[in-house]
Structures are given as structure tokens and as C-alpha cells.
Amino acid sequence: MRKEIKLEDCIGKTLENFAFSGTFNSEQMVLTFTDGTFTTIEATVSYDCPELAECKLKLFEFDRDELEKVGIATVEEVKTLRDEQNRVADLKRQLQNEANERATFERLKKKFGE
């Protein structure tokens, strides 16, 4: 995977490619450079006026093929990152469920006694 850099560090670099996320959640544009780096810019609309701001790449808001096309990450890298993200989300969900069950148990124990 390429290295993400700050927008200010792009001065003087040669642009290699670009991609847009185009999802309804985010409008990100990623710019890749010939030295193996990239930067991400996000567009937001405020008072009917678009604003551009530097941001971190939201990897999963881009089409997997689009990221491979511009050289951000290979399909395998995206799959590995997505699997890891899913594993972490499952773990968080499991911990939340256990906390909810424990709270329910404590509430019922208090209500009905031991």
C-alpha cells in the first residue's frame, strides 16, 4: 500500500493518477504521485458552497477496483484490511452483547434476588 502524506508535502511532486469515492457519505478524491505516495482531499458543502479539506483516506468508501486502478492498494490488501475491520467490528459487537447481557442479569438479580 502506498504511503499517505499531508497535502502540504505534495508540492513539487508529479501527479500520477486520481480517483473519486463518489459515495453518498463522502466525496473524497485521492491523488497519487509517481514516488509511491498519495494524499486525500474531501469535499463538503456548507451554505451551498463546496469546501475542500485535507483528510485521511476512508478506504472502504472507494470501489475496490478503483483503488487498485490508481495503485493505492491491491485487491488482496483491501480484502485483508476489510477482513480485519470485520473481525474488529464482530469483536466489538460481541463485547457489547456481553455487557448488555451482564447488565440484564444484574438488573434481574436485583429485582428477583439470588
#### Entry: Arg102 bridged to Glu106 by N-O distance under 4.0 Å
yes
### Query
If you round to the nearest 0.5 Å, how far is CZ of Phe38 from CG of Leu67?
9.0 Å
### Summary
What one should report as the nearest heavy-atom pair of Phe33 and Lys13 is CD2-CB, 3.7 Å
### Query
In chain order, what residues pass the side-chain contact (heavy atoms from CB on, under 4.5 Å) check against Ala19, with sequence neighbours excluded?
Val30, Phe62, Glu66, Val70
### Query
Of the non-hydrogen atoms in Thr32 and Arg2, which two are nearest, and what is the gap between them?
CB-NH1, 3.7 Å
#### Entry: Within-4.5 Å side-chain heavy-atom neighbours: Lys92 and Leu95
no
### Query
Which heavy atom in Ile41 sits nearest to a heavy atom in Cys55, and how many Å separate them?
C-SG, 4.0 Å
### Closest contact, heavy atoms only, Met1 versus Glu77
N-OE2, 2.8 Å
### Query
Mind checking what makes side-chain contact (heavy atoms from CB on, under 4.5 Å) contact with Ile11, not counting sequence neighbours?
none
### Query
Is there a side-chain contact between Ile5 and Cys10, using heavy atoms and a 4.5 Å cut-off?
yes
#### Entry: Result of checking Leu7, Leu31, Leu57 against Thr40 for side chain to side chain contact (heavy atoms under 4.5 Å, CB included)
Leu57
### Task
Report the C-alpha distance between Asn100 and Gln96 in whole Å, list the side-chain angles of each, state the deciding distance to 0.1 Å, and finish with yes or no for side-chain hydrogen bond (donor to acceptor under 3.5 Å, both in side chains).
CA-CA 6 Å; Asn100 291 343; Gln96 185 62 48; 3.0 Å; yes
#### Entry: 4.5 Å side-chain heavy-atom contact, Glu4 and Thr37
no
### Query
Is the closest side-chain heavy-atom distance between Thr74 and Lys79 below 4.5 Å?
no
## Note on the structure
When every non-hydrogen atom of Glu54 is compared with those of Lys6, the smallest separation belongs to OE2-CA, 2.8 Å
